[in-house]
There are 2 protein chains.
Amino acid sequence: MAQSRRPTLADVASRVGVSAKTVSRVLNEDGPVSDATRAKVLAAVDELGFRPNLMARNMRVGARDSTVALVVPEMGNPFFGTVAGGVEDVVRDRGLTLLMGSSAEDEQSELSLITAFLARRISGLLVVPATGAHHRYLRRERDGGLPVVFLDRPAAGLAADAVVSENEEGARAGVAHLIAHGHRRVAFVGDRPATLYTRKMRQRGYRAALSAAGIPYDPTLVASAHDPYTAGVAVRRLLDSPSPPTAVFCGNNFASLGVVPALAEAGRRDVALVCFDDLPLAAVLEPGLTVVAQDPAAIGRAAAERVLARLGGDRSAARTVMVPVRVIERGSGELAPPD
Amino acid sequence: MAQSRRPTLADVASRVGVSAKTVSRVLNEDGPVSDATRAKVLAAVDELGFRPNLMARNMRVGARDSTVALVVPEMGNPFFGTVAGGVEDVVRDRGLTLLMGSSAEDEQSELSLITAFLARRISGLLVVPATGAHHRYLRRERDGGLPVVFLDRPAAGLAADAVVSENEEGARAGVAHLIAHGHRRVAFVGDRPATLYTRKMRQRGYRAALSAAGIPYDPTLVASAHDPYTAGVAVRRLLDSPSPPTAVFCGNNFASLGVVPALAEAGRRDVALVCFDDLPLAAVLEPGLTVVAQDPAAIGRAAAERVLARLGGDRSAARTVMVPVRVIERGSGELAPPD
DNA sequence: TTGTATGCGTTATCAA
DNA sequence: TTGATAACGCATACAA
């Protein structure tokens, strides 16, 4: 209850009757200390509940804080949770602590979050950029030796390392898969906003697959949604149109959570479906859900490794790492169109 | 490329030709500064790319860092991601930054993570305890005025605020729901290890429901699993036993991801199922999955509000907040047993 | 084996 | 409206 001031090195020192430096030596195992004093110091540390103040230490040492920060747009999206898990696996082995914060997909929040991290002198920065955010202001940090790596989406206005999924090729493969099963009218339900990097790349893959098959691009077959509800509405509208699609390619996980129920409720088991991003229970649906699966943990690991490489002195040009995706056939993508 | 030392207040000051204190005044909007100097200072700050060093500031001011830390056992579990989102919604409004780290369900990792946070003088600590961890060592921090709140599971060895789901009552209601539909042999697939708080509470609810219906407790109907694979094996074994259950109550989300596919693959649509924790796509399954849904965002919000209350001077006794759960009927829990 | 003086980057205090 | 000085908690350099 005392709510008293936290004990400092000096408090411990005076209690034992030694100098602050001696206490410091004991705690950092730096320099020689007699066993007797060591024991007394440790006892006092324990009694007082002394905890070294890392802020003071880092300041004096001039080192960066031993943390790596990760900024994601949505805490609740399991995709980013898994990415974070991958990052942590790698940095933990190097004695670094991962700190994570959410920008809530808001440019301003992202800026203030990153500012907060920079003010704490982190050792590395990993960012999944919020929609519309630019990162020119990080140039100085990067040039000053701070490893800055972008995930899932590249930076805007900054040449920096990035780790992204094979969005275009994955979408192309998924759509080509539908076409190979006979579909010529394939709808695309993309993420929103349409300017989102992953949305653009996947739509590009969609168009590439169409074009390779000699199918003209029909903008009326394209819709946008980030949340399940909007996606459900969109897919219903597509199916009710005068010349409806016989297959749907869904461009992100939250949209899939709306498209799948919408098809089920409409009783449209005849509509073929391929989704970008794997989902839990996808295999249990009837038919099973064919997906283009990303590997979020691998994205996190690769990004963390870029940070460590930069921290280790790698001064090579910024590079973009592409993490492979793979098509998992489960049934919904192998349905033939009606005759 | 210069890799030069970061600019400090003094650098900015000397460039403008004023004292460091004046720059400090401008940046903190503290004390009077002429518009002319203010403009010059801000220009210099911008040119030099100066960023205040929060470590130094906090040290001097003696205040805690304006961050709240959250420790979770698994980054990849969407349950905790959603909890984190709830926490962030609340603390952000108060100008606090949420930092999140994972203990990987390991006692040692949790300790070192919390130590790292404490060493950075955070303003509040939220912990989902790792299995087997104790928290006696946090007593001093709490007594020293640091708000410490536990989520999802209570602390061991420390009287502290906690926010948990209505585990026992929720499980009781879920199992009673199955019994009400005619089942007398109801299996329980609980989390692992069996000593886990949520596992124990839910199993207690299971037993309460049985006992209220006059059904004897049969340990051969109880299994444990945290991961989907183990859960699938367990449920198959249960169904293949000499006197199999006609219904299953599944005690956590990852286990559900194994139980649901196992039943589907075995073609056992006759087995009734209720799961603790809602899942994406649960409504799309056939039959739809009846669940006891938790409200992870509400847990996060409630916990953050406890922290803010303590930060605001609330010195009342530690309390445990129970967040309600609710049964969502979708079909799988309303199946009648075979005659 | 131990202690003293000094400085990290910032702000509080007091004076100008 | 501005500046000089000291201090926050700790570690470095050097001396004892």
Measure [atom1]/[X] against [atom2]/[N] and give the value in whole Å, please.
X: A:R51; N: D:dC8; atom1: CZ; atom2: P; result: 22 Å
X: B:R57; N: C:dT10; atom1: CZ; atom2: P; result: 11 Å
X: B:D30; N: D:dG3; atom1: CG; atom2: P; result: 14 Å
X: B:M55; N: D:dG9; atom1: CE; atom2: P; result: 16 Å
X: B:L54; N: C:dC8; atom1: CG; atom2: C1'; result: 15 Å
X: B:R6; N: C:dT10; atom1: CZ; atom2: C1'; result: 15 Å
X: B:D11; N: C:dC8; atom1: CG; atom2: P; result: 11 Å
X: B:M59; N: C:dA12; atom1: CE; atom2: P; result: 13 Å

5'-most by nearest nucleotide on DNA chain D - B:V33 or B:G62: B:V33

Earlier contact from the 5' end, DNA chain D, for A:N53 and B:K21: B:K21

Does OP1 or OP2 of [N] have a side-chain N or O of [X] closer than 4.0 Å?
X: A:T22; N: C:dG3; value: yes
X: A:S34; N: C:dT2; value: yes
X: A:T8; N: D:dG9; value: no
X: B:S24; N: C:dT11; value: yes
X: B:T37; N: D:dT2; value: yes

Can you tell whether the side chains of [X] and [Y] come within less than 4.0 Å, N to carboxylate O?
X: B:K21; Y: B:D30; answer: yes
X: A:R306; Y: A:D314; answer: yes
X: A:R153; Y: A:E105; answer: yes

Quiz item: A:R25 side-chain donor-acceptor pair to C:dG3 base, under 3.5 Å: yes

Heavy-atom donor-acceptor pair, B:R60 side-chain to C:dT11 base, under 3.5 Å: yes

B:P32 side-chain proximity, nearest of D:dT1, D:dC10, D:dC8: D:dT1

B:H135 versus B:E141, side-chain donor and acceptor atoms under 3.5 Å: no

Residue of the set A:R315, A:R310, A:R319 for which salt bridge (Lys or Arg N to Asp or Glu O under 4.0 Å) holds with A:D161: A:R310

Touch class at under 4.0 angstrom, heavy-atom based, for B:N58 against every strand present: nothing

Touch class at under 4.0 angstrom, heavy-atom based, for A:L9 against every strand present: sugar-phosphate

